[in-house]
Amino acid sequence: MAVPRILLAVPILAMGMVLPTAGAAVKTPANGVLGMSHEHYTSEVVTVRRGDTLTMQNNSRFAHTVGPGKDGHLADAAGVPVSGAHLMETNDVYTTGQWNTPGEYSLTCSVHPEMTVKVIVTD
Ligand SMILES: [Cu+2]
């Protein structure tokens with residue numbers, strides 16, 4: 001008995017978020033670029049100066065959906081120059097806006113709850 005295609009679509013989409021994808025070689029992030037491994041940012045803390053942007057790159061074979069927030073919960077926050085969720089596939093690069101308010105903030109990934117990085121903005 002044939003399985004309707006629609007029943008395959010959802011599991012296949014879901015697998016794309018948890019299974020590595022084949023394809024082009026993973027590129028190593030340049031100095032100063034925050035990387036992403038399977039379930040973590042490659043640094044737990046990053047420091048930027050007031051007025052700087054922060055660039056991140058997905059150097060894993062897993063998709064990440066990043067934005068402001070903690071422990072996998074995305075929520076826009078005052079002082080964080082990132083709004084909403086950003087899907088990042090292998091080798092995708094995203095640069096935030098300028099961090100203009102000194103303090104401590106966090107970015108997370110809605111797919112990987114342990115994937116939270118603290119961003120310290122210094123004067
Ligand atoms: Cu992730």
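Whatever order the structure lists ligands and atoms in, that order sets their numbers, starting from 1. Residue numbers count from 1 along this sequence.
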_Angle at the Cu ion (ligand 1) (to 10°), with one arm to SD of M115 and the other to SG of C109_ = 100°

*Do the non-hydrogen side-chain atoms of S43 and L34 ever get within less than 4.5 Å of each other?*
yes

*Please work out whether the ring planes of W99 and Y105 are parallel, tilted or perpendicular, with thresholds of 30° and 60°.*
tilted

*Parallel, tilted or perpendicular: ring planes of H86 versus Y94, cut at 30 and 60 degrees*: tilted

*L54 and T96: side chain to side chain contact (heavy atoms under 4.5 Å, CB included), yes or no, with the steps?*
CA-CA 5 Å; L54 173 65; T96 70; 3.8 Å; yes

*Identify, by name, the N, O or S atom of H64 lying closest to the Cu ion (ligand 1).*
ND1

_Which atom name would you report as the N, O or S atom of H112 nearest the Cu ion (ligand 1)?_
ND1

*Please state whether the separation between the Cu ion (ligand 1) and some N/O/S atom of H38 is under 2.8 Å?*
no

